[in-house]
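Order of the sequence lines fixes the chain letters, A, B, ..., with proteins taken first and strands second; residue numbering starts at 1 for each chain.
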Protein chains: 2
Amino acid sequence: MSGEQGDAALDAAPNAAADGAGAAADTPAPRTTYRHGDLRGALLAAGIEMARRGGPDAVVLREATRQAGVTPNAAYRHFADRQALLRAVSDAAQGLAADAMEAEVARAAAASGVNTADAARRMLRAVGTGYLAFARDEPGLFRAAFSVPDHLANSMDAAKAGTAGRTPFQILSAALDAWAAAGILPPARRANAELYAWSAVHGLGMLVIDGPLRGLSAELVDGATVRVLDMVERGL
Amino acid sequence: MSGEQGDAALDAAPNAAADGAGAAADTPAPRTTYRHGDLRGALLAAGIEMARRGGPDAVVLREATRQAGVTPNAAYRHFADRQALLRAVSDAAQGLAADAMEAEVARAAAASGVNTADAARRMLRAVGTGYLAFARDEPGLFRAAFSVPDHLANSMDAAKAGTAGRTPFQILSAALDAWAAAGILPPARRANAELYAWSAVHGLGMLVIDGPLRGLSAELVDGATVRVLDMVERGL
DNA sequence: CGACGTAAGTGTACGATGTCAACAATCACA
DNA sequence: TGTGATTGTTGACATCGTACACTTACGTCG
């Protein structure tokens, strides 16, 4: 596949002074001021966009600076190297995953019944469902989110948090705490349960988006999602 | 870290036998004949070696040709492009994963008791254990194995088979068939069970080698492996 | 047995990328 | 007002993937 996308993209659109934090944009926008205003943010935004379509490998430093309307080397004032940019993109992607999960959890909570055990189960399923929904809706970002070597110790880093302030790991942890509180997860099994539940769901996500399970019909994937969640629920 | 498996498939260009210092892959080894003898094989071997340390991104076409002692463009007589080389490396890596799994399965079979249900369970655990052992021993190859988009339909492609002739998917399938035969997996749940078991184990592998679970102590990973397998066993 | 078609390698070249070193424009504060 | 620290810019490499054109020598066949 020689998919060259538009290489052009340098033209006008005099977008005046650097407006703040916004998420802006892929317009090259020749800037008038010497300072960019928020180069770091712009590079990150460009990086996220590139990761969204094309995954981690598509995150190219020079292109990011191009989109930001800046010289390639300007990036080095804000990121040590491409890897650092990618790490930032990865963190942001995890934040977006967290948002997807929170959304699903919120929906589940709304439909919650009185039984705390059922509610806990529903919440955990929602966590998994949200995670996988994100993987399917944003495969590029999902892959980017986990393409950078990381450590468990950073799993609660604020940079990985969604708008609600929780990281994916923390969301999952909370759901498992609810299980424990509801008495449906024996204390002996609570330790590190995050890892096991996470593994199952993460694995399905990976297999579905670039692995051998890719290209399966949506129904099949839906079914697999349910079955994997069943497995977790029974097996935790 | 178990040592290098036989890196068999490599060296042995029928001609190269000229100078001393044997068939190491990284010696430029000035070839005397115009024809290389087995360029494709040499490139593949070099690619595998590069993937072994460094994962898929470390597979660079030019370097492979360098190690094979040919011009960069010579590679294009055997691979359409870098992606094609990577795909070949990926297939080979899956074959090596299959070998690791077969080894574990064989060990489990040796210790097999009379009870077929227990034997079946042991076999499935062995499959998972072997898969994860490969991920841990050869993280680069493991990542390379699944870095190339693929489809379920190819999961039984002979190119992905180990020396025993079975692909990882086929090994897993056989173990699940044994479950069904032993009556410990209700027929209604047999369909696509590969996907669910695979997901759990694959996810753990990914999380452990480049994901957030990386750097955990060996004991912790061992423990997680057992727990994930428990989960699968209970939850399938 | 010698000519020859053709597969397998070579040479050269182009555009792109990540990154370094030196330099210039601007802001921030004394 | 001036002076130092930030932030971008210029220019230059080394490396990569790959296209086009050419050359070499192996295998086949008249």
Original post:
For residues 54-62 of chain A, which residues have at least one heavy atom under 4.0 Å from DNA chain C?
Top reply: Val60(A), Leu61(A), Arg62(A)

**OP:** To the nearest Å, give me how far apart NE2 (His36(B)) and P (dA25(D)) are.
**Re:** 16 Å

**OP:** Mind calculating the distance between CZ (Arg66(B)) and C1' (dA14(D)) to the nearest angstrom?
**Re:** 11 Å

Subject >> Those residues that, when tested against Arg166(A), pass side-chain hydrogen bond (donor to acceptor under 3.5 Å, both in side chains) (two or more places apart) >> reply: Glu102(A)

Original post:
What residues form a side-chain hydrogen bond (donor to acceptor under 3.5 Å, both in side chains) with Thr163(B), not counting sequence neighbours?
Top reply: Asp99(B)

Original post:
How long is the line joining CG of Leu43(B) and C1' of dT18(D), in whole Å?
Top reply: 15 Å

Original post:
Could you walk me through whether Phe142(B) and His202(B) pass the side chain to side chain contact (heavy atoms under 4.5 Å, CB included) check?
Top reply: CA-CA 10 Å; Phe142(B) 182 80; His202(B) 184 71; 3.7 Å; yes

Original post:
In Å, rounded to the nearest 0.5 Å, how long is the span from CE of Met206(B) to CH2 of Trp198(A)?
Top reply: 12.5 Å

**OP:** Hey, could you give me the CG/OG1 distance between Asn73(A) and Thr65(A), rounded to the nearest 0.5 Å?
**Re:** 8.5 Å

**OP:** Among Asp91(B), Asn154(B), Thr167(B), find the residue that satisfies the side chain to side chain donor-acceptor pair (under 3.5 Å) test when tested with Lys160(B).
**Re:** Asp91(B)

Original post:
Of Tyr76(B) and Asn73(A), whose nearest nucleotide on DNA chain D comes first from the 5' end?
Top reply: Asn73(A)

Subject >> Closest-nucleotide ordering on DNA chain C, the 5'-leading residue of Pro72(A) and Leu39(B) >> reply: Leu39(B)

**OP:** Report the residues that fulfil side-chain hydrogen bond (donor to acceptor under 3.5 Å, both in side chains) with Asn192(A), sequence neighbours left out, ordered by chain and then residue number.
**Re:** none

Subject >> Short side-chain N/O contact from His78(A) to OP1 or OP2 of dG8(D), under 4.0 Å >> reply: yes

Subject >> Qualifying residues under salt bridge (charged side-chain N to carboxylate O under 4.0 Å, His left out), relative to Asp222(A), sequence neighbours excluded >> reply: Arg136(A)

Original post:
Rounded to whole angstrom units, what separation is found between the CG atom of Leu86(B) and the P atom of dT18(D)?
Top reply: 11 Å

Original post:
Once each nucleotide of nucleotides 24-30 of chain C is scored for protein heavy atoms under 4.0 Å, what B/S/- sequence comes out, 5' to 3'?
Top reply: BBBS---

